[in-house]
Participant: 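Pasting in a structure now, in structure tokens, and then I'll have a few things to ask.
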There are 2 protein chains.
Amino acid sequence: MELFQGLSPVALADTMICARTHELRAETRIFYQGDGAARAYALIVGGVRISQSGSDGEQVVIRFVAPGEMFGTVALFTDRRYPAEAVTLTQSVALSWSEADMLELMTRYPRIAVNLVGILGRRLQEVQERFREIATQSVERRIAHALLRLAEKAGENTGQGTEIDFPLTRKHVAEMSGTTLYTVSRILTRWEKSGWIVTSNQRVTLCDFTRIIRIAEDGVD
Amino acid sequence: MELFQGLSPVALADTMICARTHELRAETRIFYQGDGAARAYALIVGGVRISQSGSDGEQVVIRFVAPGEMFGTVALFTDRRYPAEAVTLTQSVALSWSEADMLELMTRYPRIAVNLVGILGRRLQEVQERFREIATQSVERRIAHALLRLAEKAGENTGQGTEIDFPLTRKHVAEMSGTTLYTVSRILTRWEKSGWIVTSNQRVTLCDFTRIIRIAEDGVD
DNA sequence: CGTCGGTTTGAATATACTCAAAGCCCGTGG
DNA sequence: CCACGGGCTTTGAGTATATTCAAACCGACG
């Protein structure tokens, strides 16, 4: 749990006292976009998808949350409305803190604030990179990047290669890489026929990792 | 200066003591992408463009910095390399702090850290929105959004309308909205012929503000 | 007056989108 | 245990949108 790294045992106890625990089944909406932001969450077990939708209903996936990461935190410090919605991918467990407690903790233990700055900084850099990619690269490269990021975050090593261990539809990949589910399907089937990847039952396994990296970097296939 | 808001006069004096002043002419590179991140900056006068480039040289504009804003700050708290480059648009004045001083200040006055979290949070939200736009909207809408954001940040009210008061090439608009300078040129000339905007000498003035907003929202022209 | 950076414009083209239809797989319920 | 239904995926054909490349143009500044 990066946010609380470097805290004394006493401080850690303090933070746990005011935490609330949530047990959630798959496909549960934790908060909606536009809701008043009441609490900050930390994921312990499972997976969460954060998506943002525009006025027409076009959606994009902002990120996938893996165990150990925070989500819904930013809203507390900005306009107090969640700018996106959070949905569990699988059965999950999360902790949460109220806004007041969070602020209190942060002023009592500045280290938390500094940690949070680091976390947000890294997230900012990641989105900026994704922005550059979508602005300048071909769809194929973007899809490669998307899969690599997921593998990095939630990759399980199986016999066949690295499996991204939560359910992932073509639509979601499309919403991560700024394209349509049709294009994603075409490209993934091509990769599968070439043997770079295997997909089955909404699970994607990267077999030829270096090949995918090559596509992401060079755009060569 | 949002970062230091809510500080006592004493604290403010402390921060100013360790600040260094920079006077910069137009088109000066303040730092390069990949440089070891030594200092955090605050812009006092002028304008700065932050751009990121990929391995091939494709560039995007991450943001324009207006007076009162910080830049180069995130890098101190992540991997200590600037993830983008900063170039002055016009003659400018900036303050800067060393990494050590900044950390020291933040732990001494937690309020600074909390402020920074708010700033980063808002920037994160903005990039995420831009990401959604570029992923789902037509080029024309994206250009409209780009101009509106600039007008919001650096709009001067003249007789003809709202002028964006720093030099802005077609190329830069393209790099903000993820398109080519040719497409930007075509669209801006069309808007100019219709009377929604006026451009001259790298200055853009939005005459029919509501029209541009309509394009940004509906995609209607 | 010439040069250079920025801009406009045209024609040809590519890339990826749209829409429609069929197929597949999985879990459910009979 | 098998048949059915629903969500997800595949595939094709046609097309729009925006890119690419080339060339001319404009205007500011030395």
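In what follows, every heavy atom counts, from backbone to side chain, and hydrogens, waters and symmetry copies are set aside.
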Participant: Taking any heavy-atom pair under 4.0 Å as a contact, classify B:Thr189: base, sugar-phosphate, or nothing.
Facilitator: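 Here B:Thr189 touches the backbone only, sparing every base.
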Participant: Without decimals, in angstroms, what is the distance between B:Ile197 CD1 and C:dT7 P?
Facilitator: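 After rounding, the reported distance stands at 12 Å.
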Participant: Indicate, with a heavy-atom threshold strictly under 4.0 Å, whether A:Thr179 touches base, sugar-phosphate, or nothing.
Facilitator: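 If one applies the 4.0 Å heavy-atom cut-off, A:Thr179 turns out to touch the sugar-phosphate alone, with no base involved.
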Participant: So that I know where these two stand, are B:Tyr41 and B:Phe71 an aromatic pair - ring centroids less than 6.0 Å apart?
Facilitator: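 Judged by ring-centre distance (under 6.0 Å), B:Tyr41 and B:Phe71 do meet the cut-off.
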Participant: Rounded to whole angstrom units, what separation is found between the CZ atom of A:Arg186 and the C1' atom of C:dA22?
Facilitator: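 From A:Arg186 CZ to C:dA22 C1': 14 Å.
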Participant: Rounded to whole Å, please give me the gap between CD in A:Glu192 and P in C:dC25.
Facilitator: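 The distance from CD of A:Glu192 to P of C:dC25 comes to 11 Å, rounded to the nearest Å.
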Participant: DNA chain C: A:Gln137 or A:Ser200, which has the more 5' nearest nucleotide?
Facilitator: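 The residue mapped nearer the 5' terminus is A:Gln137.
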Participant: Charged N to carboxylate O under 4.0 angstrom, B:Glu126 versus B:Arg122?
Facilitator: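 A salt bridge is absent here (no side-chain N lies under 4.0 Å from a carboxylate O).
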Participant: Mind calculating the distance between CZ (B:Arg190) and P (C:dT7) to the nearest angstrom?
Facilitator: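 Rounded to whole Å, this separation is 18 Å.
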Participant: Which of these passes side chain to side chain donor-acceptor pair (under 3.5 Å) with A:Arg170: A:Thr183, A:Thr199, A:Thr179, A:Thr189?
Facilitator: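 Per the side chain to side chain donor-acceptor pair (under 3.5 Å) rule, the option paired with A:Arg170 is A:Thr199, out of A:Thr183, A:Thr199, A:Thr179, A:Thr189.
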Participant: Keeping the roles fixed (side chain from B:Arg142, backbone from B:Gln137), state whether a donor-acceptor pair exists under 3.5 Å.
Facilitator: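 It does hold such a pair.
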Participant: Could you check how far CG of B:Leu188 sits from C1' of D:dA18, rounded to whole Å?
Facilitator: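 Atom CG in B:Leu188 sits about 15 Å away from atom C1' in D:dA18.
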Participant: What integer distance in Å separates B:Asn201:CG from C:dG6:P?
Facilitator: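 These atoms are roughly 12 Å apart.
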Participant: Around B:Lys171, counting heavy atoms of other residues, nucleotides and ligands shown, do more than 12 lie under 6.0 Å from its NZ?
Facilitator: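 Open.
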Participant: Of the candidate nucleotides D:dA18, D:dT11, C:dT7, which contains the atom at the shortest distance from the side chain of A:Tyr182?
Facilitator: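 When the side chain of A:Tyr182 is considered, D:dT11 is the closest of D:dA18, D:dT11, C:dT7.
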Participant: Please state how far atom CD1 in B:Ile187 lies from atom P in D:dA18, giving the value in whole angstrom units.
Facilitator: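 Going from CD1 in B:Ile187 over to P in D:dA18 covers 7 Å.
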Participant: Side chain of B:Thr88, backbone of B:Gln91: donor and acceptor closer than 3.5 Å?
Facilitator: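 No, because the side chain of B:Thr88 does not come within donor-acceptor range (under 3.5 Å) of the backbone of B:Gln91.
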Participant: Distance check: side-chain N/O of A:Thr183 vs OP1/OP2 of C:dC17, anything under 4.0 Å?
Facilitator: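 For A:Thr183, the contact criterion (side-chain N or O under 4.0 Å from OP1 or OP2 of C:dC17) is met.
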Participant: As a test of reading the structure: which of C:dT18, D:dA18, C:dA16 is closest to the side chain of A:Thr180, going by heavy atoms?
Facilitator: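 Closest nucleotide among those given: C:dT18.
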Participant: Side-chain N or O of B:Lys193 less than 4.0 angstrom from OP1 or OP2 on C:dT8?
Facilitator: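 Checking C:dT8 against B:Lys193, no side-chain N or O comes under 4.0 Å of OP1 or OP2.
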Participant: To the nearest angstrom, how far is A:Leu181 atom CG from D:dT11 atom P?
Facilitator: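 Interatomic distance, CG of A:Leu181 to P of D:dT11: 14 Å.
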Participant: Indicate yes or no for a side-chain donor-acceptor contact from A:Asp208 to the backbone of A:Gly195 under 3.5 Å, with no hydrogens or angles considered.
Facilitator: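 Between the backbone of A:Gly195 and the side chain of A:Asp208 there is no qualifying donor-acceptor contact (under 3.5 Å).
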Participant: For DNA chain D, find the residues of residues 158-177 of chain B with a heavy-atom distance under 4.0 Å and give them by number; none if there aren't any.
Facilitator: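 Heavy-atom cutoff 4.0 Å gives no residues at all.
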